[in-house]
Amino acid sequence: MSFLNHLINGISLGSVYAIIALGYTMVYGIAKMLNFAHGDVIMVGAYVCFFASSSFGLPPILGVILAMVVCTVLGVVIERLAYKPLRQATSLAVLITAIGMSYFLQNAAQLLWTSNPKIFPTFFSFGGQTGVSLFDGGLNISYAALVTIIVCIVIMVALTLFTSKTKMGKAMRACSEDKAAAQLMGINVNTTISMTFAIGSCLAAVAGVLLCSAYPTLQPTTGSMPGIKAFTAAVFGGIGSIPGALVGGLLLGIIEILAKAYISTQLSDAIVFAVLIIVLLVKPAGLLGKMIREKV
Amino acid sequence: MSMLNVEGINVYYGAIHAVKDISFHVDEGEIVTLIGANGAGKSTILKTVSGLLHSRTGSITFLDHGIAGVPAHKIVYQGLAQVPEGRQVFLQMTVEENLEMGAFTRPNSEVSGGIARVYEQFPRLKERRRQVAGTLSGGEQQMLAMGRALMSKPRLMMLDEPSMGLAPILVEQIFDIIKALNQDGTTILLVEQNARMALSIAHRGYVLETGHIVTTGTGAELLADESVKRAYLGG
């Protein structure tokens, strides 16, 4: 029974990783860059939601929506100011800029909100309970975990429909495959890249709220470790692939929680990354990634 | 007034001067071909007209609108489509999705009718409509690239090396299709290394050498020209 508890916690944590990984993987797919500031957008989202509910007394749902709006704008602005001028630059220059942007956001947060941890409010409690207890307390599932898993499923279904059924979604796939050909179709590549950043950052806000609901300590560095883990998840599943982000995120979350429970709390991160290395040795493009073949 | 008028363009790749002061024109209803060896600047010219590259000088006029410096995604809306070199179909998307992308500039109501017309012209594509383009043969991919360009209902279609890498029988087929498209009213600007095929269907041609136009004339004149024969027709 305790295994089942751990498994559910793992799936829940993995769902958060998956939602964050989507932002990495979609941006990588289209702009061919690793947006290392993505993890810090999560942190900003969590702060916005925190202040909306604790300082302004807004209901949680409004706090979440506000966080989504702020992060969407933030993501688009970051792309315009920091990455767009480097569209023709080497990938190394873009990478360093992304790392710089990550530090900038963390330090700005420290300046604005200090580095004292904030305790994130409990949003998911019904009738004084924060979860359900089954089998005489043998199985405890928190509402936060349930909501996280459901939200992750909804987001995955919505994104899959968006990229496979809508004109803009298909244009996004076309851009990620071949920018020149996409332009010849009449697709505005810059707009498409902005839209991808908007979607990824909006999801980052959702992930921030879900993450802090499960692990309620909020500080300026809150986003960095989950950001790196989610990046790992995206690589694990095959970077550029949306189903890959889901598979990678879930596996990473489950492995991490099970390693914590049964092997060692200290070693859990090391185990996660060891598994990543093994997967990449066997499948260099990740679990669901496609090897790019050059066609002559 | 010609449909497409290119006046004195100069295009550079970094320090390399790829296209040197080139001028040419395409009249409505014509098939015009640019021939020349590899590296003569043919593809560069097409990319400059379609807006993927930009000229430092001169002017490009299409249907009385100056299009030099206009981004590629806006030029498509004016009725100018390019079938790129190496086909560049979206390999991970299905045949039908590729065609839908070709209709990106058109209202949604026109898409299904456009797809039906392309399938009429290329029945092979209809058989493979649900397959991803990466599984198609080279000839099928070329048909798809042409069908995709047709989806935008172009007044002028530019084709970059449509015969590249295809078996001779397929090359004949592709050129028959180009001729048929032209007879249906699409103006064609064709870049080819296969000079004999290109000149045999073209109304007029320009011969390029290292970024310059060296000769021009009707298709028949160029086919009979001694220097063209020696340099490009293997005789």
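Hydrogens, waters and symmetry mates are skipped; everything else that's a heavy atom, side chains included, is used. Below, chains carry the letters A, B, ... as their sequence lines are ordered, and counting in each starts from 1. Just so it is clear, the structure is predicted and the values come from calculations on it, not from any experiment.
- Across all non-hydrogen atoms, the minimal contact from A:Lys167 to B:Phe104 is NZ-O, 2.9 Å.
- A salt bridge is defined here as a Lys NZ or Arg NE, NH1 or NH2 lying under 4.0 Å from an Asp or Glu carboxylate O, and A:Lys170 with B:Glu100 meets this definition.
- In terms of heavy-atom pairs under 4.5 Å with chain A, the best-connected choice from B:Lys47, B:Arg148, B:Met101, B:Gln88 is B:Met101.
- Heavy-atom contacts from other residues, nucleotides or ligands closer than 6.0 Å to OH of A:Tyr103 number 12 or fewer.
- For B:Arg106, the CZ atom is densely surrounded, since the number of other residues' heavy atoms within 6.0 Å is greater than 12.
- With B:His73 as the partner, the side-chain contact (heavy atoms from CB on, under 4.5 Å) test is satisfied by one option alone out of A:Asn188, A:Thr191, A:Asn190, A:Val189: A:Asn188.
- Put simply, CZ on B:Phe90 and SG on A:Cys175 are 7.5 Å apart, with the number rounded to the nearest 0.5 Å.
- Ranking B:Gln82, B:Lys74, B:Met93, B:Met151 against chain A, the residue ahead of the rest is B:Met93, based on heavy-atom pairs under 4.5 Å.
- Counting non-hydrogen atoms of neighbouring residues, nucleotides and ligands closer than 6.0 angstrom, the OH atom of A:Tyr28 reaches no more than 12 such neighbours.
- Both the backbone and the side chain of B:Thr105 come within less than 4.5 Å of a heavy atom in chain A.
- Other residues, nucleotides and ligands contribute only 12 or fewer heavy atoms inside 6.0 Å of the NZ atom of B:Lys179.
- For A:Arg87, the CZ atom counts as densely surrounded, since its 6.0 Å shell holds more than 12 non-hydrogen atoms of other residues, nucleotides or ligands.
- For B:Val83, no part lies near chain A; criterion is any non-hydrogen pair under 4.5 Å.
- Open room surrounds CD1 on B:Ile169; 12 or fewer heavy atoms of other groups in view lie less than 6.0 Å from it.
- A pairwise comparison of heavy atoms in A:Gly186 and B:Val76 identifies N-CG2, 3.6 Å as the closest pair.
- What you find for B:Gln92 and A:Glu177 is that their closest heavy atoms are N-OE1, 2.8 Å.
- Within the 4.5 angstrom heavy-atom criterion, only side-chain atoms of B:Tyr77, from C-beta onward, approach chain A.
- Shortest non-hydrogen contact noted between A:Ala180 and B:Leu52 is O-CD2, 4.0 Å.
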